[in-house]
Trainee: 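To start, I am sharing the structure in question, which I have written as structure tokens.
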Amino acid sequence: MLSYQHDYHAGNHADVLKHVALTLTIGALQRKPKPIRVIDTHAGSGAYDLTGTLARRHREYDDGIARVLGAAAPLPPEIAPYVETVRRMNPDGELRRYPGSPQIARSLLRPQDHLELFELHPQASRALGELFKGDRQAHLHRRDAFEGLVAVLPPPERRGLVLIDPAYETEREFASVLRVLEDAVRRWPGGVYAVWYPLLEKRGAARF
């Protein structure tokens with residue numbers, strides 16, 4: 001369960017889709033001035049080195065964020081906040097680093113908003129801790145979100161988003177997602193829930 005490393009896939013076409021959707025959802029919630037809380041159940045390490053060995057092994061980012069940044073046609077204005085976050089991480093214009101969902105969400109927070117992060121993987125959790133060290137708007141939980149999510153619901157803000165994006169290394173995770181989602185909605189029916197899941201030819205995915 002702790003063997004998954006997103007570095008291989010950082011910035012690929014699926015990341016672009018997921019992070020654009022994340023950006024648009026947060027933007028929709030922020031149309032009202034009241035504070036929100038964004039909860040990321042499987043936060044990862046928060047940022048990824050695209051020059052590293054793992055990312056360059058298959059260079060999946062070439063068909064993802066690199067294509068977006070290299071597009072000849074003007075980009076849709078709706079994705080401007082997402083693209084700007086990536087560009088801020090690469091100020092010289094050379095694509096070297098890619099933000100994970102925690103950093104994208106953090107870049108969009110207003111002073112009244114907060115970010116709640118769950119990450120069980122020791123290496124990723126340490127990286128998150130360094131990334132958000134001293135940040136009073138970001139709160140890190142080094143625990144399994146399938147067990148801990150309900151404990152932080154409903155948040156003080158009463159408005160916000162839960163992003164559920166596990167690795168799906170085993171078919172048991174499909175059942176875990178459904179279970180925690182059911183419990184979370186019961187605890188916080190006014191929340192917005194975004195569930196990322198793979199389109200696989202596995203029995204678990206089909207039932208899901």
Trainee: Only one of Asp165, Asp40, Thr23 passes side-chain contact (heavy atoms from CB on, under 4.5 Å) with Ser101; say which it is.
Mentor: Asp40

Trainee: Quick check: is Leu178 connected to Val162 through a chain of hydrophobic side chains (ILVMFWY, heavy atoms under 4.5 Å apart)?
Mentor: yes

Trainee: Is any side-chain heavy atom of Val68 less than 4.5 Å from a side-chain heavy atom of Val83?
Mentor: yes

Trainee: Kindly indicate whether the side chain of Val86, heavy atoms from C-beta on, has any atom under 4.5 Å from the side chain of Pro99.
Mentor: yes

Trainee: Does a side-chain N-to-carboxylate-O contact under 4.0 Å join Glu182 and Arg186?
Mentor: yes

Trainee: Would you say CZ of Arg187 has more than 12 non-hydrogen atoms from neighbouring residues, nucleotides or ligands within 6.0 angstrom?
Mentor: yes

Trainee: What distance do Gln103 atom CD and Thr85 atom OG1 have between them, rounded to the nearest 0.5 Å?
Mentor: 8.0 Å

Trainee: If I compare all heavy atoms of Val16 with all of Gly11, which pair ends up nearest, and what's the gap?
Mentor: CG2-O, 4.2 Å

Trainee: Should Leu120 and Leu131 be counted in the same cluster of Ile, Leu, Val, Met, Phe, Trp and Tyr side chains packed under 4.5 Å apart?
Mentor: no

Trainee: Of all the heavy-atom pairs spanning Glu119 and Gly44, show the shortest one and how long it is.
Mentor: OE1-N, 2.6 Å

Trainee: More than 12 heavy atoms of other residues, nucleotides or ligands under 6.0 Å from NE2 of His13: yes or no?
Mentor: no

Trainee: So, taking the atom named CD in Gln30 and the one named CZ in Arg159, what distance separates them when rounded to the nearest 0.5 Å?
Mentor: 9.0 Å

Trainee: Heavy-atom distance under 4.5 Å between the side chains of Glu157 and Lys34, does that happen here?
Mentor: no

Trainee: Look at the side-chain heavy atoms of Ile, Leu, Val, Met, Phe, Trp and Tyr, link any pair under 4.5 Å apart, and say whether Val192 and Leu17 land in one connected group.
Mentor: no

Trainee: Show the nearest heavy-atom pair for residues Ala55 and Tyr61, with the distance to one decimal.
Mentor: O-CE2, 3.5 Å

Trainee: So which heavy atom on Tyr48 is nearest to which on Gly100, and how close?
Mentor: CE1-CA, 3.8 Å

Trainee: Is it true that Val177 and Leu161 fall in one hydrophobic cluster, defined by side-chain heavy atoms closer than 4.5 Å?
Mentor: no

Trainee: Report the relative orientation of the aromatic rings in Tyr193 and Trp188; use parallel for angles under 30°, tilted for 30 to 60°, perpendicular for over 60°.
Mentor: perpendicular

Trainee: What are the two closest heavy atoms between Ile164 and Pro166, and how far apart are they?
Mentor: C-CD, 3.7 Å

Trainee: Quick one: are Ile36 and Arg110 in side-chain contact, heavy atoms under 4.5 Å?
Mentor: yes

Trainee: Donor-acceptor pair, Glu60 side chain versus Ala14 backbone, under 3.5 Å?
Mentor: no

Trainee: Taking the side chain as C-beta and beyond, is there a heavy-atom pair between Arg37 and Pro156 under 4.5 Å?
Mentor: yes

Trainee: CE of Met89 to CG of Leu50: how many Å apart, nearest 0.5 Å?
Mentor: 8.5 Å

Trainee: For side-chain contact (heavy atoms from CB on, under 4.5 Å), just list the numbers for Leu69 and Arg87, CA-CA rounded to whole Å, side-chain angles, deciding distance to a tenth of an Å, and then say yes or no.
Mentor: CA-CA 9 Å; Leu69 298 181; Arg87 285 179 171 158; 3.9 Å; yes

Trainee: Going from OH on Tyr98 to CG on Asp15, what distance comes out if it is rounded to the nearest 0.5 angstrom?
Mentor: 4.5 Å

Trainee: Test side-chain contact (heavy atoms from CB on, under 4.5 Å) on Asn90 and Arg97; report intermediate values, then the result.
Mentor: CA-CA 7 Å; Asn90 301 277; Arg97 290 177 58 77; 4.1 Å; yes

Trainee: For the pair Glu173 (side chain) and Tyr168 (backbone), establish whether a donor and an acceptor sit closer than 3.5 Å, ignoring hydrogens and angles.
Mentor: yes

Trainee: Classify the ring geometry between His19 and Tyr82 as parallel (under 30°), tilted (30 to 60°) or perpendicular (over 60°).
Mentor: tilted

Trainee: Going only through I, L, V, M, F, W and Y residues with side-chain contacts under 4.5 Å, is there a path from Phe118 to Leu115?
Mentor: no

Trainee: Quick one: are Pro81 and Leu108 in side-chain contact, heavy atoms under 4.5 Å?
Mentor: yes

Trainee: side-chain contact (heavy atoms from CB on, under 4.5 Å) between Ile39 and Leu153: does it pass, once the steps are laid out?
Mentor: CA-CA 10 Å; Ile39 302 173; Leu153 299 180; 3.6 Å; yes

Trainee: Looking at CD1 of Ile26 and CG of Leu29, how far apart are the two atoms once the value is rounded to the nearest 0.5 Å?
Mentor: 8.0 Å

Trainee: Just to verify, what does Glu84 make a salt bridge (Lys or Arg N to Asp or Glu O under 4.0 Å) with, not counting sequence neighbours?
Mentor: Arg88

Trainee: Might you point out which heavy atoms bring Pro102 and Ala43 nearest each other, and give the distance in Å?
Mentor: CG-O, 3.2 Å

Trainee: Under 6.0 Å between ring centres: does that hold for Phe146 and His42?
Mentor: yes

Trainee: Tell me which pairs pass salt bridge (charged side-chain N to carboxylate O under 4.0 Å, His left out) where either residue lies in residues 131-145, with sequence neighbours left out.
Mentor: Arg106-Asp135

Trainee: List the steps and the verdict of side-chain contact (heavy atoms from CB on, under 4.5 Å) for Thr53 and Arg57.
Mentor: CA-CA 6 Å; Thr53 303; Arg57 182 166 299 179; 4.3 Å; yes

